[in-house]
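The next block holds one structure in the form of structure tokens; read it before the comments.
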Amino acid sequence: MSAEGTSGEAAKNTHVEDADAGTGTGPLDEIEVRDAVSAPDAEGRARRVTRRFPLFTRDTARPEGGGRAAPPDAPAPARQWPILAVLAMVGLGLLLTALDRFRVGTLLIGVALLVGGVLRWLLPDVGMLAVRSRFTDIVTYGVLGTAIALLAMMVQPSPWLVIPFLKDTLHFTVSG
């Protein structure tokens, strides 16, 4: 059994003994919790929750907006539709890349990341599409999606997008 399970049982036993000793009535019927409590301390007693950050992190919180994107009674794919939509677009982009449509495939992958950023911005709950804070997710999806889309449009031969200073920078670094 884990240490947490043991200390949790010790906390329950301590409360049961305290309840029995003080009133002589039933063990769990008389326990009243007024304040929020956290995990038990080393002696097995529950501590009050404070607003201070703990010295050691024992768990991670769900990112904001990480809740289900549909009601809990909906099937799993419906609850996670935002991440499935982005993954479907990325999968189609990878398939097009494998079928020798490199530029269109990688452009679709970049657009999929941009769509993920827009979904993260607009929807309150996006399920597993939420990885970090909302701001960090939007910036990450936006920067990566824009970079992939721009690189896909600038790929040689015959690029769809030509940025003159990048060509001069490349020639300067290679020849200099």
Side-chain angles (χ1 to χ4, degrees), residues 2-5 8 36-40 47-176:
S2 70
E4 291 176 4
V37 293
S38 64
R47 296 174 286 145
R48 286 192 68 217
V49 174
T50 66
R51 295 183 60 106
R52 294 183 183 178
F53 289 107
L55 185 59
F56 299 104
T57 303
R58 291 186 174 86
D59 196 5
T60 56
R62 176 187 291 179
E64 58 182 281
R68 296 178 178 104
D73 58 342
R79 291 191 309 260
Q80 297 297 333
W81 71 266
I83 188 83
L84 291 176
V86 171
L87 287 176
M89 290 177 68
V90 169
L92 182 61
L94 289 173
L95 180 66
L96 289 172
T97 302
L99 296 175
D100 207 23
R101 300 288 300 168
F102 176 78
R103 190 184 317 259
V104 176
T106 52
L107 184 62
L108 188 59
I109 292 170
V111 168
L113 287 173
L114 292 172
V115 166
V118 169
L119 288 174
R120 185 71 171 103
W121 182 27
L122 295 178
L123 299 177
D125 291 319
V126 290
M128 290 191 296
L129 191 62
V131 179
R132 295 160 295 270
S133 70
R134 185 177 305 272
F135 176 77
T136 305
D137 282 343
I138 291 170
V139 169
T140 303
Y141 291 139
V143 168
L144 290 176
T146 301
I148 291 172
L150 286 176
L151 289 172
M153 290 187 288
M154 294 183 337
V155 73
Q156 297 289 332
S158 62
W160 293 351
L161 177 66
V162 177
I163 301 177
F165 74 88
L166 288 179
K167 185 176 182 181
D168 296 337
T169 304
L170 180 65
H171 288 306
F172 176 74
T173 56
V174 171
S175 64

Margin query: Can a donor-acceptor pair be found, under 3.5 Å and without considering hydrogens, that links the side chain of R120 to the backbone of V139?
Written below: no
Next item on the list: Taking D137 for its side chain and V131 for its backbone only, find out whether a donor-acceptor pair lies under 3.5 Å.
Entry: yes
Which pair of non-hydrogen atoms, one from [X] and one from [Y], has the smallest distance, and what is that distance?
X    : Y    : answer
R103 : M153 : NH1-O, 3.5 Å
A152 : L107 : CB-N, 3.6 Å
L129 : G116 : CD2-O, 3.7 Å

For residues 95-102, tabulate all N or O donor-acceptor pairs below 3.5 Å that involve a side-chain atom, not counting sequence neighbours.
| residue | atom | partner | partner atom | Å |
| --- | --- | --- | --- | --- |
| T97 | OG1 | G93 | O | 2.8 |

Rounded to the nearest 0.5 Å, how far apart are [atom1] of [X] and [atom2] of [Y]?
X    : Y    : atom1 : atom2 : value
I148 : L114 : CD1   : CG    : 9.0 Å
T106 : L151 : OG1   : CG    : 8.5 Å
L92  : L87  : CG    : CG    : 12.5 Å

Note to self: Once side-chain hydrogen bond (donor to acceptor under 3.5 Å, both in side chains) is applied, do any residues pair with T146, and if so which ones, sequence neighbours excluded?
What the structure shows: none
Show me the donor-acceptor pairs, under 3.5 Å and distance only, between side chains in residues 71-80 and residues at least two apart or in other chains.
| residue | atom | partner | partner atom | Å |
| --- | --- | --- | --- | --- |
| R79 | NH1 | P72 | O | 3.4 |
| R79 | NH1 | A74 | O | 2.6 |
| Q80 | OE1 | M128 | N | 2.7 |

